[in-house]
Amino acid sequence: MKHCVTFGEIMLRLSPPGHERFIQASNFGATYGGAEANVAVSLSGYGIPVSFVSRVPQNELGDAAIQSLRKFGIDTQFVDRGGQRLGIYFLETGASARASKVIYDRAHSAIATMIPQMIDWDSVFSGAQWFHWTGITPAISETAALTMKSALEAATRLGLTISVDLNYRAQLWKWGKKPSDVMSELVSYCDLIIGNEEDAQKVFGIHPEGVEVRSGHLDATSYQSVGMQLMERFPRCKRVAITLRSSFSASHNSWSAVLYNGSSLIQGASYEIRPIIDRVGGGDSFVGGLIYGLLSFSENEQKALDFGIAASCLKHSIPGDFNLITTQEVEKLISGDRSGRVSR
């Protein structure tokens with residue numbers, strides 16, 4: 001079985017019940033999540049052996065975060081224990097015209113104090129084929145960015161395929177450097193670059209002409225130029241995937257993606273998602289599905305892309321960060337069964 005590795009922060013997620021606002025809430029539901037952990041859970045659910053690398057404090061919250069991954073079969077032996085606290089994020093789930101809202105409480109979290117010497121990357125990558133990371137981790141702190149660089153150097157030396165989800169988070173880039181100054185070097189190691197319709201613009205100033213994401217309609221063909229510009233800037237890159245979300249309201253989105261391989265733009269299936277139960281982790285579930293598809297259907301990029309899109313469509317029906325679905329459920333949706341009829 002092909003072995004994958006992801007590296008990033010796992011956090012405690014606290015959410016008011018249902019669609020309550022923060023100011024209404026008298027209690028919060030507690031779960032765990034984070035972009036790279038979410039991808040790891042997806043891959044493990046599809047039968048891919050996966051290791052997650054991070055740093056969490058040596059206390060009961062750190063134990064609980066690790067256990068939340070272990071129960072899904074994820075290898076956590078390379079999670080360093082130390083630091084003062086676990087990162088937290090609060091999620092208020094929107095509805096109709098009211099958008100969801102995230103408040104971060106992750107300053108000085110354990111991973112923010114991580115340094116390259118804490119991880120033996122040769123051991124981490126032993127027997128691995130794929131390494132995935134996101135732009136969230138280097139945004140956390142300068143030392144986290146340096147640790148990411150050491151991981152990418154080792155993964156490159158050992159011949160792994162490397163993917164990145166650009167995942168721009170304006171609230172996190174506070175430690176003194178612009179995202180483009182840091183990300184340009186790190187992304188240069190990558191074979192696959194993934195982003196949403198705005199990430200490339202916000203990180204690198206690359207955007208499709210004539211597209212307004214808030215208009216409610218996205219033209220997939222407009223994104224070939226984004227793929228071409230990213231590949232020109234990062235010569236190692238072999239594929240660029242862009243998710244396309246048309247948001248009509250917090251409860252109603254359309255969802256699709258494109259994949260540019262250097263010669264052609266592959267357009268994926270499109271889904272109407274209404275009502276949305278939980279869209280957090282939607283992009284991560286696409287990444288997990290796409291990586292699985294590229295590993296499993298390496299000669300069929302269309303099938304790999306459609307698997308990622310369908311997997312993410314199903315994630316929008318599941319509360320929490322993790323996409324807890326099977327390959328059979330994804331394949332059923334791809335086959336055209338969108339009825340949602342009871343399976344008996």
Side-chain angles (χ1 to χ4, degrees), residues 1-10 34-44 46 48-55 69 74-80 111 114-167 179 181-195 199 203-204 230-231 233-241 261-262 284 286-296 298 304 308:
M1 296 289 287
K2 302 173 180 71
H3 179 200
C4 297
V5 177
T6 71
F7 168 45
E9 183 170 29
I10 185 168
E36 302 84 2
N38 299 343
V39 172
V41 170
S42 285
L43 290 170
S44 184
Y46 304 140
I48 301 291
V50 58
S51 298
F52 177 67
V53 183
S54 190
R55 192 175 198 227
L69 296 173
I74 294 168
D75 171 29
T76 60
Q77 65 175 306
F78 300 110
V79 175
D80 185 74
I111 200 171
M114 201 169 196
I115 60 174
Q117 294 78 9
M118 289 177 176
I119 302 294
D120 179 357
W121 289 107
D122 282 19
S123 296
V124 171
F125 293 135
S126 177
Q129 180 178 357
W130 195 295
F131 175 50
H132 177 71
W133 63 284
T134 83
I136 295 173
T137 304
I140 294 171
S141 71
E142 183 174 13
T143 57
L146 291 172
T147 305
M148 180 61 73
K149 181 181 177 182
S150 69
L152 291 167
E153 290 172 341
T156 299
R157 174 167 44 82
L158 295 170
L160 277 72
T161 299
I162 301 173
S163 60
V164 60
D165 187 342
L166 297 177
N167 264 350
D181 294 339
V182 178
M183 291 290 286
S184 291
E185 180 181 13
L186 300 181
V187 174
S188 69
Y189 290 93
C190 295
D191 302 283
L192 169 64
I193 300 173
I194 306 162
D199 283 334
V203 178
F204 299 121
L230 284 170
M231 282 191 172
R233 183 162 180 172
F234 301 106
R236 173 169 166 163
C237 178
K238 302 173 184 65
R239 297 183 178 101
V240 175
N261 60 16
D284 307 323
F286 168 77
V287 173
L290 179 63
I291 292 173
Y292 170 80
L294 292 172
L295 287 171
S296 302
S298 58

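Note that the structure is a prediction, hence the values are computed from the model and not measured.
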Quick one: pull up [atom1] in [X] and [atom2] in [Y] and give me the separation to the nearest 0.5 Å.
X: Ser150; Y: Gln117; atom1: OG; atom2: CD; value: 8.0 Å
X: Phe125; Y: Leu158; atom1: CZ; atom2: CG; value: 7.5 Å
X: Asp75; Y: Cys4; atom1: CG; atom2: SG; value: 12.5 Å
X: Ile162; Y: Phe131; atom1: CD1; atom2: CZ; value: 7.0 Å
X: Leu230; Y: Ile194; atom1: CG; atom2: CD1; value: 12.0 Å
X: Lys149; Y: Tyr189; atom1: NZ; atom2: OH; value: 5.5 Å

Residue pair [X] / [Y]: nearest heavy atoms and the distance that separates them:
X: Ser126; Y: His3; answer: O-ND1, 4.2 Å
X: Pro116; Y: Thr143; answer: CD-O, 4.5 Å
X: Phe52; Y: Leu69; answer: CD2-CD1, 3.3 Å

> What about the rings of Phe234 and Phe204, do their centers lie closer together than 6.0 Å?
Replying inline: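 They qualify: ring centres under 6.0 Å apart.
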> Between Trp121 and Phe7, is the gap from one ring center to the other below 6.0 Å?
Replying inline: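 Yes, the ring of Trp121 comes within the 6.0 Å limit of the ring of Phe7, centre to centre.
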Any side-chain heavy-atom pair of [X] and [Y] under 4.5 Å:
X: Glu9; Y: Ile136; value: no
X: Met183; Y: Pro138; value: yes
X: Val182; Y: Met148; value: no
X: Trp130; Y: Leu192; value: yes
X: Leu152; Y: Glu185; value: no
X: Met118; Y: Thr147; value: no
X: Ile140; Y: Ile111; value: yes
X: His132; Y: Leu43; value: no

>> Determine whether Asp284 and Asn167 satisfy the following criterion, side chain to side chain contact (heavy atoms under 4.5 Å, CB included), listing intermediate values before the conclusion.
In response: CA-CA 10 Å; Asp284 307 323; Asn167 264 350; 4.0 Å; yes
> Which is it for Ser163 and Ile291 under the side chain to side chain contact (heavy atoms under 4.5 Å, CB included) test, yes or no, and what are the steps along the way?
Replying inline: CA-CA 9 Å; Ser163 60; Ile291 292 173; 3.8 Å; yes
Taking [X] for the side chain and [Y] for the main chain, is one N or O donor matched with an acceptor at less than 3.5 Å?
X: Thr6; Y: Glu36; value: yes
X: Ser44; Y: Val41; value: no
X: Ser54; Y: Val79; value: no

>> With side chain to side chain contact (heavy atoms under 4.5 Å, CB included) as the criterion, how do Leu186 and Val164 come out once you've worked through the C-alpha distance, each side chain's angles and the decisive distance to 0.1 Å?
In response: CA-CA 9 Å; Leu186 300 181; Val164 60; over 6 Å; no
>> If we count only N and O atoms by modelled type, under 3.5 Å, do the side chains of Thr134 and Asp165 hold a donor and an acceptor together?
In response: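 Short answer, no.
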> Would you find more than 12 non-hydrogen atoms of other residues, nucleotides or ligands less than 6.0 Å from Lys238 atom NZ?
Replying inline: yes
> Is the shortest distance from a Lys or Arg side-chain nitrogen in Asp191 or Arg236 to a carboxylate oxygen in the other one below 4.0 Å?
Replying inline: yes
> side chain to side chain contact (heavy atoms under 4.5 Å, CB included) between Trp133 and Val187: does it pass, once the steps are laid out?
Replying inline: CA-CA 10 Å; Trp133 63 284; Val187 174; 4.2 Å; yes
